[in-house]
Amino acid sequence: MKDSSPDRKPRVRFAPSPTGHLHVGGARTALFNWLFARRHGGSFILRIEDSDLKRSDPALSRRILEELGWLGLDWDEGPSYQSERFARYRELAERLRDRGLAYREDSPGGGRALIYRVPEGEVEFRDLVYGPITVSTAEIKDIVLIKSDGAPAYNFACAVDDHDMKVDHVIRGDDHLPNTPKQILLWRALEWEPPSFAHLPLILGPDRAPLSKRHGAASVDAFRRDGFLPSGLRNYLALLGWSPGDDREVLATEELIAEFSLERVIKRAAIFDYRKLEWINSQHLRRLPPARQAELLGEYLKAEEGLERADRRLLTAVAEVMGERTRTLRDFSVKGGYFFRDDFEYDPEATARHWKGAATAELLSRLKTVFAGCERFTAEELEKALRSLVEEMGVKGGEVIHPLRVALTGMSVSPGIFETMTVLGRERVLARLDRALTRIKENGGSGEDATVPSQ
RNA sequence: GGCCCCAUCGUCUAGUGGUUAGGACACAGGCCUUUCAAGCCUGCAGCACGGGUUCGACUCCCGUUGGGGUCACCA
């Protein structure tokens, strides 16, 4: 019986190298570590692998920390930095050399490296995801411990740190599978008991190549800018390579934590599906009360767009009517930008389809009179008023509603027209009717732009 | 190329010897309807191939093909 449940509170870590934004692959690795720690009441530790002197950039480290924070993956210890522990690595490497397990080698470029001599034999271990794995050390070249510039090489620093931080479960991408035997060799040479390992399948792009920028958004930052919610991204990422075992797809983070187990991690690489992410996100968005949506929307619009009209009252009203029609926070401005700005453009196709010159001008001015006369500007009253005008004119509701929608939103698509009006309020509705009227007259009564795409 | 890993609808997945192979996204159609969504209903679509083992294979074994990873004084 395979059982990856730890008998004591596990200690796991996420160890990114500060070379760029937090990539979705890294985010997923961080998430699985975090879920595992939270599930078992353990510790999630953060370590910055900045041992490469040339590529280290403190600004990038901060960025990764910030993005991890946005994703909601809080850490219990750290971050620690490898760049601050060079003396420790050197000491341990020298100790191995004293014992005859490592040797020095001059570098053509100057300096001396310390290299571990790989013994003959086999390395066996049981990966918590992949099962038993055996590798002949004939396949492994001697392992560099300390590079000639004095910095520790990856495998050595990694083993030393994991030991010193008392990490007992190493959960990482399966691109590290080939490193594992090397690190186990190092742990044993240091006379330490190796931790458990669990390797996660990689995330691929639609072309089955490793997911990268050229596939579109590939970093946590990009998804944040696209208006995704941390909980939506967490949910989707959790489903990449793992499933709760039943048919649930939309899971709150508490459920993710309650259900997570390494045994249910799949071995096959998964292709990132942006559409499904959007759907998952829409489900999370929908589960949020309008007030909370408004709060997030306000922050988003402020950070990503330069919206002028964005008071809490308006935001909440927009959230109430747009909530079912959006999949991301960005959708609110893409599909409902007219709620936030009065100088919107009129969609040429919409005007061509629903505005019929003088007749529409006549219609809109009658509507203006009717709406101006409404006692209370509520959806019920507005509909009643419009319906009676429709009856009086002997036309179908749509013949009035469509031109009106274009006048109020510039688009042929919007939330229910009466709700839209109440969100905008009497003043803005009447002003927009005037603006539309002016626009129609400017166009010689045609109500259309000079060039109308014919279809 | 050596070594390692993987293989269920287009995609994410459930499945652990006997199932009409289930769900979700996407897609198509329908209902609803002032538009678009949402919601509900229906449909389309899969066990890569070839050998075994077995009374019986999606499930176990071998091979083929395909895909991925890795072979740095980068992490």
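All chains are named by letter (A, B, ...) in the order of the sequence lines, taking the proteins before the strands, and each is independently numbered beginning at 1.
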- Taking only residues two or more places apart in sequence, or in another chain, which ones meet A:K368 in a side-chain hydrogen bond (donor to acceptor under 3.5 Å, both in side chains)? A:D434
- Item | side-chain hydrogen bond (donor to acceptor under 3.5 Å, both in side chains) against A:R95, all qualifying residues, sequence neighbours excluded | A:E91
Can you tell me, in whole Å, how much space there is between the [atom1] of [N] and that of [M]?
N	M	atom1	result
B:A57	B:C12	C1'	25 Å
B:U35	B:U11	P	36 Å
B:A45	B:G10	P	10 Å
B:G22	B:C47	C1'	13 Å
B:G66	B:C49	P	15 Å
B:C60	B:A24	C1'	30 Å

- Task: Encode nucleotides 32-43 of chain B as B, S and - characters from 5' to 3', where the letter depends on protein heavy atoms closer than 4.0 Å: B to the base, S only to sugar-phosphate, - to neither.
- Result: --BBBBSS----
- Query: Along nucleotides 3-10 of chain B, 5' to 3', which nucleotides get a B, which get an S, and which get a -, given that the test is a protein heavy-atom distance under 4.0 Å?
  - Reply: S-SSSB--
Short N-O contact, [X] and [Y], less than 4.0 angstrom:
X	Y	value
A:K182	A:E139	no
A:E66	A:R63	no
A:D331	A:R325	no

- Please walk me through it: do A:H284 and A:S231 pass side-chain hydrogen bond (donor to acceptor under 3.5 Å, both in side chains)? CA-CA 7 Å; A:H284 281 257; A:S231 68; 3.0 Å; yes
Give me, pair by pair, the N or O atoms of the protein and of nucleotides 60-64 of chain B that are less than 3.5 Å apart, along with how far apart they are.
none

- Query: Does any N or O donor sit under 3.5 Å from an N or O acceptor when you compare the side chain of A:D246 with the base of B:A14?
  - Reply: no
- Query: Would you say A:K147 reaches B:A75's phosphate, i.e. side-chain N/O to OP1/OP2 under 4.0 Å?
  - Reply: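 Yes.
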- Message: Please compare A:L240 and A:Y154 by the position of their nearest nucleotide in RNA chain B and report the one closer to 5'.
- Response: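 Looking at RNA chain B, the more 5' nearest nucleotide goes with A:L240.
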- Task: Take A:A270 and A:R208, find for each the nucleotide of RNA chain B with the closest heavy atom, and name the residue whose nucleotide sits nearer the 5' end.
- Result: A:A270
- Message: Using side-chain contact (heavy atoms from CB on, under 4.5 Å), reason through A:M411 and A:K335 one step at a time and then give a plain yes or no.
- Response: CA-CA 9 Å; A:M411 309 169 80; A:K335 299 177 178 175; 5.5 Å; no
- Item | Sequence-distant partners of A:E399, salt bridge (Lys or Arg N to Asp or Glu O under 4.0 Å), two or more places apart |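 Listed in chain order: nothing, the list is empty.
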- Query: Is a side-chain donor-acceptor pair under 3.5 Å present for A:H215 with A:D207?
  - Reply: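 There is such a pair (donor and acceptor under 3.5 Å, judged by atom type) between the side chains of A:D207 and A:H215.
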